[in-house]
Amino acid sequence: MTRNVLFPIAAFVVGGLVLSGCDSVNQAFGLDRNVPDEFAVVSRAPLSMPPDFSLQPPRPGAPRPQEGTASQRGMEVVMGESAGVIDPGVSAGENAFLAQAGAASADPNIRQIVDQESTELLVADQGFVDNLIFWRDEQPAGTIVDPEAEARRIQANQALGRPITEGDVPVIERKDPAPLEGLFDF
């Protein structure tokens with residue numbers, strides 16, 4: 001009797017497992033989620049009637065009233081919506097606080113002032129940074145020749161009839177090349 005009961009249950013479970021692998025069966029039973037394509041979704045502004053029905057159509061070429069001048073739009077982009085203006089949409093307490101803090105009388109050139117101060121600090125710290133990066137003493141480019149002494153030496157050698165290469169002649173000493181130096185010189 002137990003065998004007669006277990007066989008249909010086992011067959012039902014195995015059949016359910018086999019059928020759950022099929023996409024069409026999952027879709028038919030609602031087990032497969034059908035999500036929308038996020039790239040195909042387009043947001044559209046809701047349609048609404050303007051509150052004032054006596055609006056006149058815009059004149060071609062006339063400036064748009066909701067847009068300010070180019071400098072005002074630039075100020076709004078850089079400084080935010082209400083740059084230097086106390087917002088009428090805030091509470092009376094916030095307006096009083098902003099007025100006492102001097103928000104309406106803020107210096108419009110504050111960014112240039114801060115940039116100038118930062119540049120001055122950067123130039124002052126440049127010596128420290130150079131000491132960290134270039135920690136070795138700078139080597140002189142070569143032997144410095146005293147032109148007056150060299151001219152006297154050459155004139156003395158010519159007066160005595162000796163070659164000008166005689167005496168204390170400055171010599172260019174080439175350093176030994178590194179093992180891979182000049183390898184990629186084409």
A.B. asks: To the nearest 0.5 Å, what is the distance between CD1 (I154) and CG (N157)?
C.D. replies: 8.0 Å

A.B. asks: If I take atom CG from residue N109 and atom CD from residue Q116, how far apart are they, to the nearest 0.5 angstrom?
C.D. replies: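 N109 CG to Q116 CD: 11.0 Å, rounded to 0.5 Å.
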
A.B. asks: Using every non-hydrogen atom in the two residues, find where I164 and V169 come nearest and quote the distance to one decimal.
C.D. replies: O-CG2, 4.2 Å

A.B. asks: Answer yes or no: is there a donor N or O on one side and an acceptor on the other, between the side chain of E166 and the main chain of P163, under 3.5 Å?
C.D. replies: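 Side chain of E166 to backbone of P163, a donor-acceptor pair under 3.5 Å: no, none is there.
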
A.B. asks: When rounded to the nearest 0.5 angstrom, what is the spacing between CZ in R153 and CD in Q158?
C.D. replies: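 If I round to the nearest 0.5 Å, the distance is 10.0 Å.
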
A.B. asks: Would you say that more than 12 heavy atoms from the other residues, nucleotides or ligands in this model lie under 6.0 Å from the CD of Q112, or not?
C.D. replies: yes

A.B. asks: Would one find more than 12 heavy atoms of other residues, nucleotides or ligands at under 6.0 Å from atom CG of D107?
C.D. replies: yes

A.B. asks: Taking all non-hydrogen atoms of both residues, which atom of E150 and which atom of V145 are closest, and how far apart?
C.D. replies: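 Result for this residue pair: CB-CG1, 4.0 Å.
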
